[in-house]
S.K.: 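First, the structure itself, so that you have it in front of you.
Indexing begins at 1, ligand by ligand and atom by atom, following the structure's order. Sequential numbering from 1 along the given sequence is applied to the chain's residues. On a predicted model such as this, the values are computed, not experimentally measured, just so you know.
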Amino acid sequence: KPQHVILQGAPLDCGKNRRGCIMGPDAYRTAGLVEALESLGHTVTDIGNIGPAPYTEVIHPKLHRLSETIAWTQSLADATEAAFARGMPITLGGDHALAAGTVLGAMRHAAAVDRPLFVLWLDAHSDFHTLESTDSGNLHGTPMGYLTGRSDFPGWPDLPASLPYENIAMIGLRSVDPAERAALQQTAITRVDMRQIDESGIATPLGAFLERIEAVNGMLHVSLDVDFLDPAAAPAVGTTVPGGATVREGHLVMEMINDSELLTSMDLVELNPFMDERGRTTRLMVDLAASALGRNVFDRPTRAF
Ligand code: ARG
Ligand code: MN
Ligand code: MN
Ligand code: MN
């Protein structure tokens, strides 16, 4: 059904050391994201790029650009919450540290309208570190640790409540650090690794998750990390991991999301246009977003889940 989409650029590049995600929002615009969504019957407002809240970087011995990441979390939470008043926020990253802000904004909105929020995390990685457990010090590896309240994130915005583990599905996992693995196995987070996708297909676990959301009139935030996809199809990302989702698996996920009519917000993250090959990763991400917003070959007579 037609949506009013609010595109917000988040050229956040502080969640890791390798630079380039700063160019992500303009790459999506160049690849025609606005036109693709409009061609599907949606109206689109591109509010341009957001910046971090004012901050002064305090150098931390381990954590890379902590102050800047906190400042982005503040501004993105506010912007995303405000965008919900007008339509469906789609955030153009920027690296995955931005999800701390966008999901926080969605959590605030969900609390205000008294609906449960669910998060679908499409990623090779779980990004479930705490500030203590991260070895790399790269904060794009921590947003799920923050949002679920699994430990203290001093100086970061308070959560209205922790995001419940039961409301999270991570699909595409194939690079999980030992500390994340040990912690994840203690939670009720739905964890779908590539082995399970090989064995059962991706539609079965995704369909089960969508059914659970529909049953309680939940909101669905989708956070799509480029490295969910196999690097052969999507090379423009700093953290490639072989053995990822195929182009068709990516589209199936997005088409099922569209069929479910549950999507309320989305992030497109970790695109590094500096590493792309003639725009092909960027174009694939635009095509996947279009699938999530209704592009198909034929309407389906019955829902796909
Ligand atoms: N687990 C690794 C780390 O913490 C990699 C995280 C990759 N995250 C991402 N959003 N690409 O450094
Ligand atoms: Mn990620
Ligand atoms: Mn909830
Ligand atoms: Mn990743």
S.K.: Taking the inter-plane angle between the rings of Phe118 and Phe209 on a 0 to 90° scale, is it parallel (under 30°), tilted (30 to 60°) or perpendicular (over 60°)?
M.R.: perpendicular

S.K.: Counting only heavy atoms closer than 4.0 Å, does ligand 1 sit against the backbone of Glu270, its side chain, both, or neither?
M.R.: side chain

S.K.: Regarding atom 4 (O) of ligand 1: of the candidates His125, His140, His129, which has the closest heavy atom?
M.R.: His129

S.K.: Would you check if the side chain of Arg212 reaches a backbone N or O of Gly207 as a donor-acceptor pair within less than 3.5 Å?
M.R.: no

S.K.: For Ser136, take its heavy atoms, then give the atoms of ligand 1 lying under 4.0 Å from any of them.
M.R.: 3 (C), 4 (O), 12 (O)

S.K.: What residue among Thr80, Thr264, Asp267 forms side chain to side chain donor-acceptor pair (under 3.5 Å) with His221?
M.R.: Asp267

S.K.: Could you check whether Arg108 pairs with Asp78 (Lys NZ or Arg NE/NH1/NH2 to Asp/Glu carboxylate O, under 4.0 Å)?
M.R.: yes

S.K.: Could you tell me whether the side chain of Arg300 and the main chain of Asn296 form a donor-acceptor pair under 3.5 Å?
M.R.: no

S.K.: For Asp177, counting its heavy atoms only, list the atoms of ligand 1 lying under 4.0 Å from any of them.
M.R.: 1 (N), 2 (C), 3 (C), 4 (O)

S.K.: Determine which of the N, O or S atoms in Asp123 is closest to the Mn ion (ligand 2) and give its atom name.
M.R.: OD2

S.K.: If you measure every N/O of Asp123 against every N/O of ligand 1, is any gap under 3.5 Å?
M.R.: no

S.K.: May I ask you to identify the nearest protein heavy atom to atom 11 (N) of ligand 1, giving residue, atom name and distance to one decimal place in Å?
M.R.: Thr239 OG1, 3.1 Å

S.K.: Counting only heavy atoms, which portion of Thr142 has something under 4.0 Å from ligand 1: side chain, backbone, both, or neither?
M.R.: neither

S.K.: For the Mn ion (ligand 2), does an N/O/S atom of Asp127 lie at less than 2.8 Å?
M.R.: yes

S.K.: Please verify the inter-ring angle class for Tyr146 with Trp156; under 30° counts as parallel, over 60° as perpendicular, anything in between as tilted.
M.R.: tilted

S.K.: Taking atom CZ of Arg19 as the centre, does the number of heavy atoms from other residues, nucleotides or ligands within less than 6.0 Å exceed 12?
M.R.: no

S.K.: Check this for me: does any side-chain nitrogen of one of Arg29 and Asp46 sit under 4.0 Å from a carboxylate oxygen of the other?
M.R.: yes

S.K.: Kindly confirm whether the Mn ion (ligand 2) is within less than 2.8 Å of some N/O/S atom in Asp227?
M.R.: no

S.K.: Suppose I only count heavy atoms of Asp225 and a 4.0 Å limit; which atoms of ligand 1 are within that range?
M.R.: 9 (C), 10 (N), 11 (N)

S.K.: What is the name of the N/O/S atom of Asp225 that is nearest to the Mn ion (ligand 2)?
M.R.: OD2

S.K.: At less than 2.8 Å, would any N/O/S atom of His96, backbone or side chain, sit next to the Mn ion (ligand 2)?
M.R.: yes

S.K.: Which ligand 1 atoms does Glu180 reach within 4.0 Å, using its non-hydrogen atoms?
M.R.: 1 (N)

